[in-house]
Engineer: 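Encoded as structure tokens, here's the structure I'll be asking about.
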Amino acid sequence: MTNTRTNDLPPLKRSDFAPDFRWGCSTSSYQIEGAVHADGRGESIWDRFCATPGRIRDGSSGAVACDHYHRWPQDLDMAASLGTNAYRFSIAWPRIFPSGRGRVPNQKGLDFYARLVDGMLERGLEPWVTLYHWDLPQALQEQGGWVDRDTVAAFVEYTDVVSRHLGDRVKHWITHNEPWCTAFIGNYEGAHAPGLKDFRTALQVCHNVMVSHGLAIPVIRRNVADAKVGAALSLHPLYPASASAQDVAATLRHDGLRNRWFLDPLHGRGYPADVWNILGDKAPVVQDGDLQIIATPTDFLGVNYYFPEVVADAPGQGVMATRVVDSPNVERTAFGWEVSPDGMVALLSRVATDYQPAVIYLTENGSSYEDVVSSNGEIDDGERRRYLERHLLALREIVAKGIPVKGYFAWSLLDNFEWAEGYLRRFGLTHVDFDTQQRRLKLSGKWYRSFLKGEL
Ligand code: FCB
């Protein structure tokens, strides 16, 4: 886990990567759009969650966020000015079906995304849609949310409408962003909407989300000629806290739920037996055919990489009896996430060896620091710039190993609403002044631009 990579490596160049390599930024609807009442949008579980005192660290919400709903032309200009050729964004389900489902979608919501996609195409940005980046219609939550199988059917209907509407222009489709977070942060840790704390519920949510992923794939393929479909998983390289047999076994268990719980069924192997056996009566209800549905072939695997985890045995702690520990003496971002480009190499090597996906995209990677606007208006985020550079050096190493990574999307184009952290954590290549909505490209964004334009 040492990060020894230094600048005495050959300089990084865009031409180190294939000409058709996808370079982009990622965003998500609730984190940037604001305009939560505009044009008939319905309530999402995040609107409700933010309105509950104590849920968001600074008491804020995504009600205004970056006001991207109104300022999107400027934001797409910024993305294009960096020299990116792709842009990943998500659709707010409550803009399409304000109460989750229905016979008639909300035309104004569909029109917004049509304008947005046209705006991308006009600027040479290939649109990459994420269908579910956590903003479930609140009305569906009230009927049970993802734990209820009806939500799976509702997701498929919503997918059908969106893919029919945008499929002539959008070829890259991500069904779900980070099902682990949807399931476990939202329903077990309770730190994300809907804020539940029940392990059994989280496991059923997880299963239903995965089934909805599989059922959405043929729908997208039916509606979109030449569609490329996948899911974006949050994956972590894991290391035992010590060489003890207990910590090593705990790390394997943790890996079972964090990584293999998704990777195995997606690749036709069913749920990992070691974890399943531990779950006992907490295991999800799996209907006949579900595992085949989850294993529906995809075109790519999306990986969101942020940090490694160090794991210790923790008897009595939850069903899994594991604990993530803070390893001392490691480099961390201001958010406390370990900085480890080597972890990215280890993770992708492992995924490639164990699962052989034909194509991998790094659908998110980025860092949060406490950016300060200096008196001359510059944001000198040298740490984020270095983070980006070191991860792109790692990416070059990954590609050189023959691992089929075909694209990289930086999280994020803009500072935005960082979920339970509100506006306290900035991940943007572009600084947003949330009082004035002024955007300013940070040093990191300028560096990404120089790299992409071959000016480093
Ligand atoms: C990921 C989420 C994304 C953002 C980054 C920092 O887990 O997908 O929305 O919050 O973390």
Side-chain angles (χ1 to χ4, degrees), residues 24-34 44-46 49-50 55-58 60-62 65-66 68 87-93 128-136 174-189 191-193 206 209 213 230-237 258-259 262 301-309 324 332-340 343-344 347 361-371 381 383-384 387-388 391 408-430 432 442 444:
C25 296
S26 273
T27 62
S28 88
S29 47
Y30 191 72
Q31 294 182 274
I32 65 169
E33 285 179 359
S44 80
I45 56 173
W46 273 93
F49 190 67
C50 293
R55 295 302 207 175
I56 310 301
R57 217 150 62 85
D58 60 0
S60 68
S61 77
C66 308
H68 173 78
Y87 177 74
R88 175 175 175 237
F89 66 107
S90 77
I91 309 271
W93 183 346
W128 285 57
V129 160
T130 305
L131 286 161
Y132 189 78
H133 201 128
W134 308 353
D135 38 3
L136 184 74
I174 293 168
T175 53
H176 280 273
N177 180 68
E178 303 188 345
W180 188 90
C181 297
T182 302
F184 294 101
I185 308 187
N187 298 277
Y188 178 48
E189 296 173 8
H192 282 181
C206 194
V209 164
H213 154 82
L233 305 181
S234 49
L235 300 177
H236 301 261
R258 202 79 160 111
N259 298 321
F262 303 89
L301 176 68
V303 176
N304 294 357
Y305 172 69
Y306 288 97
F307 53 86
E309 283 179 343
V324 173
R332 294 180 188 282
T333 67
F335 201 165
W337 293 2
E338 182 175 341
V339 177
S340 177
M344 188 164 97
L347 174 70
Y361 292 102
L362 273 162
T363 35
E364 285 181 30
N365 172 241
S367 58
S368 173
Y369 290 100
E370 282 165 15
D371 304 318
D381 62 335
E383 290 162 306
R384 184 178 293 99
Y387 179 100
L388 181 58
H391 284 77
Y408 176 91
F409 293 80
W411 184 270
S412 182
L413 175 65
L414 304 164
D415 291 335
N416 59 45
F417 175 75
E418 179 47 38
W419 309 114
E421 301 288 316
Y423 296 96
L424 299 175
R425 303 292 176 195
R426 293 177 179 271
F427 277 89
L429 300 177
T430 308
V432 178
K442 302 178 192 177
S444 58

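Each ligand, and each atom within it, is numbered from 1 in the order the structure gives. Predicted, not measured: the structure shown is a model, and the values here were computed from it.
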Engineer: Can the ring centroids of Y361 and W128 be said to lie less than 6.0 angstrom from one another?
Structural biologist: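 Yes, the ring of Y361 comes within the 6.0 Å limit of the ring of W128, centre to centre.
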
Engineer: Which of the numbered atoms in ligand 1 are under 4.0 angstrom from any heavy atom belonging to N177?
Structural biologist: 8 (O)

Engineer: Less than 6.0 angstrom separating the ring centers of W337 and F427, yes or no?
Structural biologist: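 Between F427 and W337, which both carry aromatic rings, the centre distance is below 6.0 Å.
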
Engineer: In the protein, what heavy atom is nearest to atom 7 (O) of ligand 1, and what distance, to one decimal place, separates them?
Structural biologist: E178 OE1, 2.6 Å

Engineer: Can you see whether D135 engages S29 through a side-chain donor-acceptor pair at a distance of less than 3.5 angstrom?
Structural biologist: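 Yes.
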
Engineer: So is there a nitrogen or oxygen of S28 less than 3.5 Å from a nitrogen or oxygen in ligand 1?
Structural biologist: no

Engineer: Using salt bridge (charged side-chain N to carboxylate O under 4.0 Å, His left out) as the criterion, point out the one residue from R57, R55, R426 that pairs with E421.
Structural biologist: R57

Engineer: Do me a favour and list the nearest non-hydrogen protein atom to atom 2 (C) of ligand 1 with residue, atom name and distance?
Structural biologist: E364 OE1, 3.4 Å

Engineer: With heavy-atom distances below 4.0 Å as the criterion, list the atoms of ligand 1 near E418.
Structural biologist: 4 (C), 6 (C), 10 (O)

Engineer: H133: heavy atom below 4.0 Å from ligand 1, yes or no?
Structural biologist: yes

Engineer: Does the side chain of P179 come within less than 4.5 Å of F184's, by heavy atoms?
Structural biologist: no

Engineer: Need the ligand 1 atom indices (1-based, order shown) with element for anything under 4.0 Å from a heavy-atom of W419.
Structural biologist: 3 (C), 4 (C), 9 (O), 10 (O)

Engineer: For E370, does the CD atom have more than 12 heavy-atom neighbours from other residues, nucleotides or ligands under 6.0 Å away?
Structural biologist: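 12 or below, so no.
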
Engineer: Specify the protein heavy atom at minimum distance from atom 5 (C) of ligand 1: its residue, its atom name, and the distance to 0.1 Å.
Structural biologist: Y306 OH, 3.3 Å

Engineer: Verify whether one side chain among Y30 and S90 offers a donor that lies under 3.5 Å from an acceptor in the other.
Structural biologist: no

Engineer: Should you measure from each heavy atom of Q31, which atoms of ligand 1 turn up under 4.0 Å away?
Structural biologist: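 Reading through ligand 1 atom by atom, the close ones are 3 (C), 4 (C), 9 (O), 10 (O).
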
